[in-house]
Amino acid sequence: MGKDLLEQLEKVKSLVRAHGGPRREVYLDLENSGLAFEEALAALQEAYRIYGNPSITHRPGWRALEVILEAEVGLMDLIGVSDGEIIFTHNGTEANNLAIMGFAKASRGRRKILVSQIEHLSIKFPAERLQENGFKLVEIPVDEEGFVDLDYLAGQVDGNTLMVSVAAVNHEIGTIQDLKAIAEVVRDKSPEAVIHTDACDALGRIPLDLEKAGVDMASFSGHKAFAPKGVGALYIREGIKIDPILHGQLSSQRLWPGAEDVPAIAGFAKALEILRRSFDECRYKMRRLRDLLINGLLGNIDGVMLNGPKGDRRAPDNANMSFLYCEGEALTVELSLRGVYVSSGSACTSRTLEPSHVLLAIGRPYEIAHGSILMKVSPMHEEEDIKYALEQIPEAVSRIRSISPKVMM
Amino acid sequence: MGKDLLEQLEKVKSLVRAHGGPRREVYLDLENSGLAFEEALAALQEAYRIYGNPSITHRPGWRALEVILEAEVGLMDLIGVSDGEIIFTHNGTEANNLAIMGFAKASRGRRKILVSQIEHLSIKFPAERLQENGFKLVEIPVDEEGFVDLDYLAGQVDGNTLMVSVAAVNHEIGTIQDLKAIAEVVRDKSPEAVIHTDACDALGRIPLDLEKAGVDMASFSGHKAFAPKGVGALYIREGIKIDPILHGQLSSQRLWPGAEDVPAIAGFAKALEILRRSFDECRYKMRRLRDLLINGLLGNIDGVMLNGPKGDRRAPDNANMSFLYCEGEALTVELSLRGVYVSSGSACTSRTLEPSHVLLAIGRPYEIAHGSILMKVSPMHEEEDIKYALEQIPEAVSRIRSISPKVMM
Amino acid sequence: MSSRIPLPYSPKVLELFRNPKNLGRMEDANAVATAGSLACGDMITIYLKIDEERIVDASFESYGCAANIATASLLTEMIKGKSLREAWGISWKQLSDELGGLPPIKYHCGVLAVGALRRAIRAYYRDRVKPDWLPEELTPDERHALEEEELMKILSRRIGGERV
Amino acid sequence: MSSRIPLPYSPKVLELFRNPKNLGRMEDANAVATAGSLACGDMITIYLKIDEERIVDASFESYGCAANIATASLLTEMIKGKSLREAWGISWKQLSDELGGLPPIKYHCGVLAVGALRRAIRAYYRDRVKPDWLPEELTPDERHALEEEELMKILSRRIGGERV
Ligand SMILES: Cc1ncc(COP(=O)(O)O)c(C=O)c1O
Ligand SMILES: Cc1ncc(COP(=O)(O)O)c(C=O)c1O
């Protein structure tokens, strides 16, 4: 084994030891790894007893197929579609890649792809790559709250437009786009252009009625919808042709080869069932906790601002705040020591020199982006969690600020 | 929701009901969906409490990274490599696609790809697809036990050869290839050609010493190695360049974007740990059960034959048997009613008109392929399980044969 | 409609697979025919006892998947007591519907069963006066069965496998 | 060696982040310099009190990630009591090693700290006679820091963000 690897492992272990277990922990970094309903985790574990592969003609195989169909029915119901198919992948990233690259691969003729400036990297990067294959990419600008510029969009859609992809809810700043308006603008200029939405951060947070909205394809991520990890999904309207981008054993999933992860899909089915029966309850609870968090911070700290829209135009779970003179990565570490787990749009967390492209696209200067932290609440959080975060964050911010050069302030 | 979909769901449910739960169940269809160590399932469930994403600088993130490094260390140790990197995917199919397509994408110049005639479809199909991009594919023939023809291989490897891919253990007939001999033949003709092995069905079954064998890349599948589903891995030797085939958020996995499925990787790490400490025990137990199964069938049924090599040249878990005049798919259903779960290489199970390409490649006539069933044992099986299967299979075979046209026999 | 290929059998297929009716060779049959082959992996033999152009008894043997067996069982049950003309009129679509819908990749089972029956009926008339309703030309369902057999011959030759 | 980008800090970085030494503005410093900028997301100010070419006290302020803060803390601790010449000789590699290895994407933290220190030393000699050991040309570490700053200026201009 590589000595380096063993050293790295030792280093992480001692880091975790040195960090210690904070007395209390509040996990708000749901952007980077979701929280699942307990019942969904139990369903996953339970489904490990099924074993079967849904393509095989025996009892465990049929039980596995039952699980998959349950998930398919549950998802179609929750997103308001009545035809088409659901392809299960392992996460939202795979679903987005399949939507963008698989659809481009199957298409003949049209070469223009439009995506908003603030798409998740699993949309942005595949779309950029397609330029190598002769596709033309246009990024649709957004306003300072992240809403796409419909006039600009209208000016860009034409007979050469293959597809338009705009996330239903932006993952960083919670902007809830008006999909129906977007679809109308697109159809008006080009009835054949296909409309895709990355709904990874919308499922379970806002009501979705995709058929009515005129959406043709939509991506989902299990762990973003309170299901276990290991599952994502792509909805494809009847009649839309997509080519596979991976190849192998034909499974019941025409477009994503390999044996289905039935236990993860069972967990997803359970999460969807919970969302169907208690969607409003979850949503209102999240909104209450979100507002408690946002208002608590706005009211108690100087030099703080909210990134993204307010109120009902913002996803009920999303709190993205910037703290002036407070570098975000240092703040994530300081908060971690206090048991509050968040992420930051700072350059220091991005492995490149650049901070969040979403914050830059809505016109935030670099220093505001560097000082941003992203927090998301869930139906699993309680008021006490938020209160604890509200105690810790101001202290953490002032500690980090106390390290900053005084000349700045 | 689609009425058809609801009908399908209803149909599967009533099918499962009509089938009923057999009094005793023995699951031997590990080819299509593996069985996991209980401890590995517990580790998966446990790791759901970590939440973190290994790219983020907070405690859960570092804990997640610890899990991933543990798995990486465990895998490198078990396969006998000391440098290079492990990329975690979600299954063996993804690892194989990355190995074949990602490596071809990154390569300049050489255009010839050699794979054996009996590769898994997740090798065969990507390799076939590459022909559309100007690559030349050559299939290396195998003998009647599935061993690759080294002379033929030697005749094909040349300065244009980009890569050679041969599975360490064949998934259907258990042939254990001599990787070292293959690598020597290849290096002798072209030192720069890269050697990949699909080791999905080798991990945990045969000792692997990939560095010594001269292998450059190797694919693995969690559920084939007694770990939970949701995890696969690709080992890439230091210095081999691969391009990603999916694009998105940079994770700690350079070549497979999207948040890592940390719980599944934790389950994999645990399975690897168990294999490291009790590899021989597992192996010998499987071989004993396998021989009990094979010999029990050979000795008790007429017109039965083993597909693939015997003894130590065969994977310790694999029993692939053909029953003359007994159609395999009907046999899987009959056995299912008796609680014994197997799969078949018959055309009827393949969604195409063709039976197993592996059985055809080793020269089995169609009717032998149609009458084949594939069974695999695991460390989780006990002698009683095999004895139960040995009671049921002869009865099932004779029932299916009793339906067959008498003229045939 | 979901375009997923649905593999599950209906409970009816499972039931007929479990307890097929009219199974076995019929010694005193006066019309026999087979469709498919061992190499195809699907083969149905239909035995008919015909009296005054009416099927008084029918049985089958089948080498094939569970759907194949269930289809043959159903077909033989359906034709008993029917006139040859009525039996000729049964289509594979009807069989599939009666079975609660065969998975698409199993349609050929229905096709084979109908193919075997029609071959048996033609065999019956080989040395007899052909009735008006019996077409000279092969019907689409018969051609379908033939095509399946031909395809397998080609596939077998291609890889050099022996055929039975 | 695994080519995975390892993000974890060493326990030492975490410890120095938690309890940085020599933190804060120094009112009676006789050499001060800053490297990086708010827009970069990384900025270190180094304060030195120099007496007879020896650093008798040092402190820092930092706007940046945990590694940035730890590096500045370590550097100021290392240079206290050293002659300017000795302090000049400290490389970012040394800092990274002392910290138990910075993750590769955090190397610029070390670079910035060294850059700030050398700027402060140059500043000290601005109105004084320059010693022989002080190169006229910028050293690679200094250029590195400059490049980081330049890169950010370009990036900021490109997207029209304001710079502080
Ligand atoms: C809007 C959006 N799209 C795509 C993804 C990627 O999903 P996953 O993490 O399941 O790959 C995410 C996840 O964070 C997301 O928020
Ligand atoms: C040899 C071989 N390769 C690849 C695979 C595909 O692995 P997975 O099912 O994890 O996609 C399998 C699985 O059955 C296999 O046996």
Side-chain angles (χ1 to χ4, degrees), chain B residues 1-20 117 324-334 336-337 344-355 357 359-361 363-371 399-409, chain C residues 1-15 17-18 20 23-25 32 34 36-47 60-70 72-73 100-101 103-106 108-109 148 151-156 158-164:
Chain B
M1 177 109 21
K3 207 162 65 65
D4 288 27
L5 188 61
L6 286 176
E7 265 171 23
Q8 259 189 54
L9 178 57
E10 220 24 77
K11 188 164 153 185
V12 185
K13 283 191 173 175
S14 55
L15 176 67
V16 170
R17 256 196 319 270
H19 183 290
Q117 267 186 341
L324 281 174
Y325 315 122
C326 182
E327 199 279 328
E329 197 255 37
L331 189 54
T332 65
V333 179
E334 176 65 23
S336 177
L337 292 167
S344 167
S346 125
C348 266
T349 61
S350 82
R351 287 160 192 263
T352 63
L353 266 175
E354 298 228 32
H357 71 283
L359 295 179
L360 298 183
R364 291 293 194 234
Y366 273 68
E367 50 277 22
I368 306 279
H370 293 313
R399 171 160 189 248
I400 299 301
R401 282 181 176 167
S402 78
I403 301 175
S404 292
K406 297 303 159 300
V407 286
M408 299 187 336
M409 304 186 198
Chain C
M1 204 207 73
S2 171
S3 73
R4 165 162 313 135
I5 309 168
L7 248 193
Y9 291 128
S10 65
K12 178 140 187 192
V13 169
L14 192 67
E15 171 52 27
F17 168 75
R18 235 174 190 155
L23 175 62
R25 186 185 183 92
V32 180
T34 293
S37 74
L38 213 51
C40 289
D42 262 320
M43 178 169 162
I44 292 183
T45 302
I46 298 271
Y47 300 88
F60 78 98
E61 289 172 319
S62 155
Y63 170 84
C65 63
N68 184 307
I69 293 165
S73 166
I105 62 157
K106 298 291 182 187
H108 64 278
C109 302
E148 292 247 335
L151 182 62
M152 282 314 298
K153 271 190 213 144
I154 294 162
L155 288 175
S156 308
R158 207 186 61 200
I159 67 116
E162 297 156 73
R163 292 190 68 237
V164 174

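These figures come from a predicted structure and were not determined experimentally. Residue numbers start from 1 in every chain, and the chains themselves are labelled A, B, ... in the order their sequence lines are given, proteins ahead of strands.
- To the nearest 0.5 Å, atoms CD1 (I403(B)) and CD1 (I44(C)) are separated by 11.5 Å.
- To the nearest 0.5 Å, atoms CD1 (I69(C)) and CD1 (I400(B)) are separated by 5.0 Å.
- Heavy atoms of R399(B) lying under 4.5 Å from chain C belong exclusively to its side chain.
- What you find for P11(C) and A18(B) is that their closest heavy atoms are CB-CB, 3.9 Å.
- In this structure a side-chain-to-backbone donor-acceptor pair under 3.5 Å is missing from E327(B) to D42(C).
- Of all heavy-atom pairs between S10(C) and L15(B), the closest is O-CD1, 3.9 Å.
- Within the 4.5 Å cutoff, the side chain of L14(C) has heavy atoms near those of the H19(B) side chain.
- Here the CD-OG distance, from E367(B) to S37(C), works out to 8.0 Å after rounding to the nearest 0.5 Å.
- Nearest heavy-atom pair, Y63(C) versus Y325(B), reported as atom, atom and distance to 0.1 Å: CE1-C, 3.6 Å.
- Heavy-atom pairs under 4.5 Å with chain C were tallied for G371(B), S14(B), A330(B), A369(B); the largest tally goes to A330(B).
- Counting heavy-atom pairs under 4.5 Å between each of R17(B), E334(B), K11(B) and chain C puts K11(B) at the top.
- Interface remark: of the candidates I368(B), V12(B), V333(B), V16(B), V333(B) forms the most heavy-atom pairs closer than 4.5 Å to chain C.
- Note: R25(C) CZ to S404(B) OG = 13.0 Å, rounded to the nearest 0.5 Å.
- Only the side chain of L337(B) comes within contact range of chain C, with heavy atoms under 4.5 Å apart.
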